[in-house]
Trainee: 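Supplied in structure tokens, the structure appears directly below.
Computation of the quantities below employed the complete heavy-atom set of this structure, encompassing side-chain atoms and omitting hydrogens, waters and symmetry-equivalent molecules.
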Amino acid sequence: MTVIRQDDLIESVADALQFISYFHPVDFIRAVNEAYEREESLAAKDALAQILINSRMSAIGRRPICQDTGIVTVFVRVGMGVSWSGATMSISDMVNEGVRRAYLHPDNLLRASILEDPAGVRKNTGDNTPAVIHYECVPGNTVDVRLAAKGGGSENKSKLVMLNPSDSILDWVIQTVPTMGAGWCPPGMLGIGIGGTAEKAAVMAKESLMDGIDIHELRARGPQSTTEELRLQIFDAVNRLGIGAQGLGGLTTVLDVKIKDYPTHAASKPVALIPNCAATRHAHFVLDGLGPSLQTVPSIDDWPQISWGAGQSARRVNLDTLTHEEVCSWKSGETLLLNGIMLTGRDAAHKRMVEMINKGEQLPVNLSGKAIYYVGPVDPVRDEVVGPAGPTTSTRMDKFTEQVLAETGLFVMIGKAERGPLAIEAIKKHKAAYLMAVGGAAYLVAQAIKSSRVVAFEDLGMEAIHEFVVEDMPVVVAVDSEGVSVHQTGPAEWAEKIAAKQVV
């Protein structure tokens, strides 16, 4: 009989969540670096460079890789030979106390993103609890825990389908991935669950993402099952799509494909697909009664030292003197370095601003001729001006875009991934522009922010409107004033190149 202390589980969960907030898995870094070395698309290579630089900076500074520090998912295997010493909590309460301690750590505050009453008032719980926890009782005398912090941008791209038994899984995946856009921040991994029932397939897809990257080892030794054959087929087919890093077009869209399967009903073929983003974060530990199980700190030498070269050819922009003519001179795919004052605002702020406009009320900020950045930053610690402040998925603001541009005179929007048809049409109509910052480079972006203050909607917490002063913040013109979208032109160009075997 193994006796495990309540505090050992709590401390191990808290340590693991702090650890993964700033340390990528080393296998993931190696895979991204390999993709960087072979990438031929300049836009995608630049995005990969920013992801790698950001990761190294986060590892050194012990601050979050991404401002979206995720919803915590935990898989717990409890040995049937385990007993608990001094336990006054349930295992779920222990796990949630570990989450609470991790996210409120004073030296590395993590963003609280979890809202209770999801169909109603959607009130932030303030400490990122509760976690989503899955249990299994197994033979043995240990408690095995695997956990992850999953960002909302990638989680929102999850797909579930009930295929006919004769339908092709490969065909469905290849048809589905392009519909996911770039909001899941490729390159990442695809987790796929096949079989069981609808909910079983989804859980398997999520659990598969806890495994390390080994697709090249699989190819080297050769597949030994139909599932392993399918992994390789999907991996190759998705990368042939040319979506590329951040959806800009390129050679690498996925770094690995993971599959778990389970017996299913003769009439059914449930398939779930869940992507992991460029801020892939997961950890594993085992409690054996000998105290807490803490993560092993990797060597910084495991991270490549890469310099960011795109800034040398980028156009510098002064946001404080921006004119419509200058905005109209920007071209899709061009790199800009932003300087001056920008405002922030994402889902909740946009909803409130539109409600005020509809009521004829004056907005608390003047957006005329300004830029707004779709971001919910991490709170600052130590001597920081602001915590990691990467972009959020911009399509969530699409339904507000026409009215905001028409009613406020806003010039520029900055966010992550592509815009939908309605937003692109509004941008073209009002001769505005949409700029893309790299998702998964939040700590790097934060270094460009020289001052920050809340100027409106303070009650919205991380969704309040901030005023940032930035210096040389790197962005790409994703939709120009003519409505040309790099997320349409880039992948199309690279899919054609790959199909024509112009690149290997």
Side-chain angles (χ1 to χ4, degrees), residues 39 41-48 50 153 156-157 175-187 241-253 277-278 310 314-315 317 324 326-336 338 346 350 371-375 390-406 410-441 474-499:
E39 186 56 70
S41 161
L42 295 180
K45 194 175 186 75
D46 176 59
L48 290 167
Q50 289 191 49
N156 290 347
K157 301 301 181 179
Q175 293 165 7
T176 299
V177 170
T179 71
M180 291 159 48
W184 60 283
C185 284
L241 293 172
I243 294 168
Q246 303 291 300
L248 295 170
L251 301 181
T252 301
T253 302
C277 64
R315 189 197 309 202
V317 172
H324 226 154
E326 184 176 4
V327 172
C328 290
S329 73
W330 301 341
K331 297 303 178 185
S332 178
E334 183 179 4
T335 300
L336 307 178
L338 303 182
R346 40 180 283 162
H350 274 74
I372 194 166
Y373 181 27
Y374 303 150
V375 63
T392 197
T393 306
S394 299
T395 49
R396 299 202 308 272
M397 269 54 73
D398 281 6
K399 64 182 180 180
F400 304 117
T401 300
E402 165 60 32
Q403 187 171 6
V404 170
L405 290 178
L410 182 72
F411 277 2
V412 176
M413 297 153 286
I414 307 156
K416 181 182 78 174
E418 74 285 348
R419 302 306 297 263
L422 287 177
I424 292 175
E425 185 59 34
I427 291 166
K428 182 178 179 181
K429 175 182 175 182
H430 296 283
K431 298 299 180 183
Y434 166 62
L435 313 178
M436 188 209 80
V438 171
V475 294
V476 171
V477 180
V479 181
D480 64 23
S481 62
E482 298 300 317
V484 179
S485 169
V486 72
H487 288 101
Q488 295 172 0
T489 59
E493 174 188 348
W494 281 91
E496 186 176 334
K497 287 183 177 180
I498 293 168

Trainee: Quick one: pull up CG in L48 and OG1 in T252 and give me the separation to the nearest 0.5 Å.
Mentor: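 The CG atom of L48 sits 7.0 Å away from the OG1 atom of T252.
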Trainee: Test your reading of the model: is there a side-chain donor-acceptor pair from T393 to the backbone of T395, 3.5 Å cut-off?
Mentor: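 No, the answer is negative, given that no donor and acceptor are paired below the 3.5 Å cut-off.
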Trainee: Does the side-chain contact (heavy atoms from CB on, under 4.5 Å) test come out yes or no for I414 and I372, once each step is laid out?
Mentor: CA-CA 6 Å; I414 307 156; I372 194 166; over 6 Å; no
Trainee: Once ring-ring contact (aromatic ring centres under 6.0 Å, His included) is applied, do any residues pair with Y373, and if so which ones, sequence neighbours excluded?
Mentor: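 Y373 satisfies ring-ring contact (aromatic ring centres under 6.0 Å, His included) with no other residue.
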Trainee: Let me have the donor-acceptor pairs involving side chains of residues 176-185, under 3.5 Å, with sequence neighbours excluded, atom names and distances please.
Mentor:
| residue | atom | partner | partner atom | Å |
| --- | --- | --- | --- | --- |
| T176 | OG1 | W172 | O | 2.7 |
| T176 | OG1 | W172 | NE1 | 3.3 |
| T179 | OG1 | T176 | O | 2.5 |
| W184 | NE1 | G181 | O | 3.1 |

Trainee: H430: what forms a ring-ring contact (aromatic ring centres under 6.0 Å, His included) with it, not counting sequence neighbours?
Mentor: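 Partners of H430 by the ring-ring contact (aromatic ring centres under 6.0 Å, His included) criterion come out as none, since no residue qualifies.
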Trainee: Go through it in stages, so that I can follow the logic: the residues are M413 and L405, the test is side-chain contact (heavy atoms from CB on, under 4.5 Å), and I'd like the CA-CA distance, side-chain angles, deciding distance and then a yes or no.
Mentor: CA-CA 10 Å; M413 297 153 286; L405 290 178; 4.1 Å; yes
Trainee: Using a 3.5 Å distance criterion without hydrogens, assess whether the side chain of D398 forms a donor-acceptor pair with backbone atoms of G420.
Mentor: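 Such a contact is found between D398 side chain and G420 backbone.
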Trainee: Out of curiosity, T335 OG1 to L435 CG, how far, rounded to the nearest 0.5 Å?
Mentor: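 Output value for this atom pair is 10.5 Å.
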Trainee: Stepwise, does the side-chain contact (heavy atoms from CB on, under 4.5 Å) test hold for R396 with Y374?
Mentor: CA-CA 10 Å; R396 299 202 308 272; Y374 303 150; over 6 Å; no
Trainee: Test side-chain contact (heavy atoms from CB on, under 4.5 Å) on D46 and Q50 and set out the steps.
Mentor: CA-CA 6 Å; D46 176 59; Q50 289 191 49; 3.4 Å; yes
Trainee: So, does T253 use its side chain to make a donor-acceptor pair with the main chain of G244 at under 3.5 Å?
Mentor: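 Yes.
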Trainee: Can you pull the salt bridge (charged side-chain N to carboxylate O under 4.0 Å, His left out) pairs that have at least one residue in residues 423-434, sequence neighbours excluded?
Mentor: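 Listed once each, the pairs are E402-K429, K431-E482.
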Trainee: Taking all atoms of both residues into account, what is the closest heavy-atom pair of G249 and A44, and its distance?
Mentor: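 Looking at all heavy atoms of both residues, the shortest contact is O-CB, 3.5 Å.
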Trainee: Please say whether more than 12 non-hydrogen atoms of neighbouring residues, nucleotides or ligands are located less than 6.0 Å from CG in L241.
Mentor: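 More than 12 within 6.0 Å, yes.
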Trainee: Atom OG1 of T392 and atom CG of N156: how far apart are they, to the nearest 0.5 Å?
Mentor: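 Reported to 0.5 Å precision, the distance equals 8.5 Å.
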Trainee: Could you measure the distance from the CG atom of L251 to the CD1 atom of I498? Nearest 0.5 Å is fine.
Mentor: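 Spacing of CG (L251) from CD1 (I498) equals 5.5 Å.
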Trainee: Give me the atom names and distance for the closest heavy-atom approach of A437 to P391.
Mentor: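 Looking at all heavy atoms of both residues, the shortest contact is O-CG, 3.4 Å.
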Trainee: Identify, with sequence neighbours excluded, every residue that meets side-chain contact (heavy atoms from CB on, under 4.5 Å) alongside A47.
Mentor: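 Applying side-chain contact (heavy atoms from CB on, under 4.5 Å) to A47 gives A245, Q246, L248, V438.
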Trainee: When you measure from the centre of the six-membered ring of Y434, is the NZ or CZ of R419 under 6.0 Å away and within 45° of the axis?
Mentor: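 Yes.
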Trainee: Sequence neighbours excluded and cut-off under 3.5 Å, please list the side-chain donor-acceptor pairs for residues 326-333, or say none.
Mentor:
| residue | atom | partner | partner atom | Å |
| --- | --- | --- | --- | --- |
| S329 | OG | R315 | NH1 | 2.9 |
| S329 | OG | E326 | O | 2.6 |
| W330 | NE1 | E326 | O | 3.4 |
| S332 | OG | V484 | O | 3.3 |
| S332 | OG | V486 | N | 3.1 |

Trainee: To the nearest 0.5 Å, what is the distance between NE2 on H487 and CE on M436?
Mentor: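 Spacing of NE2 (H487) from CE (M436) equals 5.0 Å.
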Trainee: Apply the side-chain contact (heavy atoms from CB on, under 4.5 Å) test between S485 and each candidate in I427, V477, V479; give the one that qualifies.
Mentor: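 Considering I427, V477, V479, a side-chain contact (heavy atoms from CB on, under 4.5 Å) with S485 is found only for V479.
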